[in-house]
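We use all heavy atoms of the structure for the numbers below, so side chains are in, but hydrogens, waters and symmetry mates are not.
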Amino acid sequence: MTGVPASAAGGSSGARRAAAGAAAAASAASAASGKVPGAAVARSAEGGTAGAGPGASSGVSHGGPAGAVPGAGETVPGEDVGADAQGDGKTPRGGKIAAAAVNQASVWNIANLLTMLRLVLVPAFVVLMLAEGGYDPAWRSLAWAAFAIAMITDLFDGHLARTYNLVTDFGKIADPIADKAIMGAALICLSALGDLPWWVTGVILGRELGVTLLRFLVIRYGVIPASRGGKLKTLTQGVAVGMYVLALTGWLATLRWWVMAAAVVLTVVTGLDYVKQAIVLRRQGIAERKAALEEKEA
């Protein structure tokens with residue numbers, strides 16, 4: 001019985017000697033033939049420890065560690081390549097290119113499409129507003145519809161972008177441009193037609209351009225958040241300009257004058273508030289930078 005394990009001998013000394021003799025005979029025979037009968041490579045769960053197959057004894061006759069088999073414990077080529085590639089934390093080849101393609105495609109989201117629609121509505125509004133000399137009630141009604149759609153989409157595109165994580169660099173740039181373009185086009189057309197004094201158009205557009213420039217000047221120190229007064233100003237301006245676009249008469253014409261007056265007041269007040277916030281933000285930014293430099297030098 002070649003290859004009886006020593007543990008199967010039952011514990012008696014005679015059985016152990018018989019098993020050792022059998023193992024020695026098997027080793028001698030395998031040495032003569034150049035083969036190792038029953039040697040097997042067994043990979044353990046912790047990393048592939050070589051084990052002795054059937055017929056391997058305590059290894060006394062070999063003069064080495066028990067169960068040692070030449071070549072045992074060597075990693076099988078290609079077996080762990082997949083695991084190493086996944087576990088090294090590196091981005092697969094072409095991953096950055098694919099991510100860039102996804103980001104580029106995200107420009108065509110619903111929020112940006114609404115912004116693009118407002119940009120397209122600007123020239124359409126001007127054409128409708130000035131059609132037939134600019135005084136035809138039917139064309140003015142169509143111009144009001146284009147203006148209303150533009151103002152309504154302005155309420156939704158920013159909300160959708162923030163809620164569904166659709167904020168893009170294109171949206172950050174195009175959204176304020178579309179807002180000021182549709183409002184500026186309406187004010188200039190109304191003043192050109194004589195429906196609105198030029199000084200009102202100058203105050204509103206001057207404030208919008210001034211605040212935009214102010215934001216860029218202090219952006220290195222932080223961002224001026226939109227206030228509730230600014231949102232109320234935008235709403236009041238939209239309602240007032242919309243009422244002026246329509247060919248209203250009677251008490252509605254008087255009402256729109258008061259609404260426009262409120263819009264002008266809010267425009268000036270919120271503009272001064274933005275100037276104040278910009279000054280405070282700049283002072284805080286300068287103080288923080290100075291403190292950081294002093295701490296670094298110390």
Side-chain angles (χ1 to χ4, degrees), residues 111-112 114-126 129-130 143-144 146-159 161-162 167 169-245 256-282:
N112 287 344
L114 291 177
T115 301
M116 295 177 192
L117 175 62
R118 290 212 312 281
L119 290 171
V120 173
L121 285 174
V122 173
F125 167 82
V126 173
M129 188 70 181
L130 300 179
W144 176 86
F147 180 81
I149 292 173
M151 297 304 294
I152 291 173
T153 55
D154 181 37
L155 299 175
F156 288 103
D157 60 353
H159 175 73
R162 292 186 297 270
V167 178
D169 292 336
F170 171 81
K172 294 177 182 178
I173 298 173
D175 182 69
I177 292 177
D179 297 343
K180 292 170 178 56
I182 189 65
M183 183 60 68
L187 290 170
I188 292 173
C189 285
L190 289 172
S191 294
L193 294 172
D195 293 339
L196 190 68
W198 276 105
W199 69 266
V200 174
T201 297
V203 169
I204 294 177
L205 294 184
R207 183 268 186 194
E208 298 300 327
L209 295 177
V211 168
T212 301
L213 180 61
L214 200 60
R215 287 177 181 271
F216 280 109
L217 290 177
V218 300
I219 196 171
R220 68 179 68 180
Y221 305 110
V223 177
I224 303 176
S227 62
R228 293 183 178 179
K231 295 178 180 179
L232 180 60
K233 179 268 307 179
T234 302
L235 177 61
T236 308
Q237 282 183 0
V239 173
V241 172
M243 295 180 71
Y244 267 87
V245 170
R256 72 182 182 183
W257 187 92
W258 287 104
V259 176
M260 181 60 74
V264 172
V265 171
L266 288 173
T267 298
V268 174
V269 172
T270 55
L272 295 176
D273 182 62
Y274 271 108
V275 172
K276 178 183 176 181
Q277 291 187 55
I279 294 174
V280 173
L281 186 62
R282 182 176 180 274

Revision key, fill the gap. For A150 and T153, the nearest pair of non-hydrogen atoms, with its separation, is O-OG1, 2.8 Å
Exercise for review: Please examine the side chains of I204 and V200, heavy atoms only from C-beta on, and report whether any two atoms are closer than 4.5 Å.
Suggested key: yes
Exercise for review: Name all residues meeting the side-chain contact (heavy atoms from CB on, under 4.5 Å) criterion together with L130; count only those two or more places apart in sequence or in a different chain, and write none if there are none.
Suggested key: V126, C189, L193
Exercise for review: Can you sort out the partners of K276 under side-chain contact (heavy atoms from CB on, under 4.5 Å), two or more places apart, ordered by chain and number?
Suggested key: none
Identify all side-chain donor-acceptor contacts of residues 215-225 below 3.5 Å with residues at least two apart in sequence or on another chain.
unit_1, atom_1, unit_2, atom_2, d
R215, NH1, I224, O, 2.7
R215, NH2, Y274, OH, 3.2

Study note, to complete from the structure: Across all chains, not counting sequence neighbours, the side-chain contact (heavy atoms from CB on, under 4.5 Å) partners of V275 are L214, I279
Exercise for review: Please assess L121 against F147 for the test side-chain contact (heavy atoms from CB on, under 4.5 Å), listing each intermediate value before the final yes or no.
Suggested key: CA-CA 8 Å; L121 285 174; F147 180 81; over 6 Å; no
Check your understanding: Could you give the distance from CE (M129) to CG (L190), rounded to the nearest 0.5 Å?
Key -> 4.0 Å
Review point. Roughly how far, to the nearest 0.5 Å, is the CD1 atom of I149 from the CG atom of L114?
Key: 11.5 Å
Review point. For residues 181-203, which residue pairs qualify under salt bridge (Lys or Arg N to Asp or Glu O under 4.0 Å), counting only residues two or more places apart or in two chains?
Key: R140-D195
Review point. Can you list every pair that meets salt bridge (Lys or Arg N to Asp or Glu O under 4.0 Å) and has a residue in residues 221-242, with sequence neighbours left out?
Key: E208-K233
Which side-chain N or O atoms in residues 260-272 pair as donor and acceptor under 3.5 Å with protein atoms at least two apart or in another chain?
unit_1, atom_1, unit_2, atom_2, d
T267, OG1, Q237, NE2, 2.7
T267, OG1, A263, O, 2.6
T270, OG1, R207, NH2, 2.9
T270, OG1, L266, O, 2.6
T270, OG1, T267, O, 3.3

Check your understanding: By side chain to side chain donor-acceptor pair (under 3.5 Å), which residues pair with T201, not counting sequence neighbours?
Key -> S191
**Study point:** Within-4.5 Å side-chain heavy-atom neighbours: W257 and Y244
**Key:** yes
With a 3.5 Å cut-off and sequence neighbours excluded, list the donor-acceptor pairs that the side chains of residues 173-188 form with protein atoms.
unit_1, atom_1, unit_2, atom_2, d
D175, OD1, R118, NH2, 2.9
D179, OD1, R118, NE, 3.4
D179, OD1, R118, NH2, 2.5

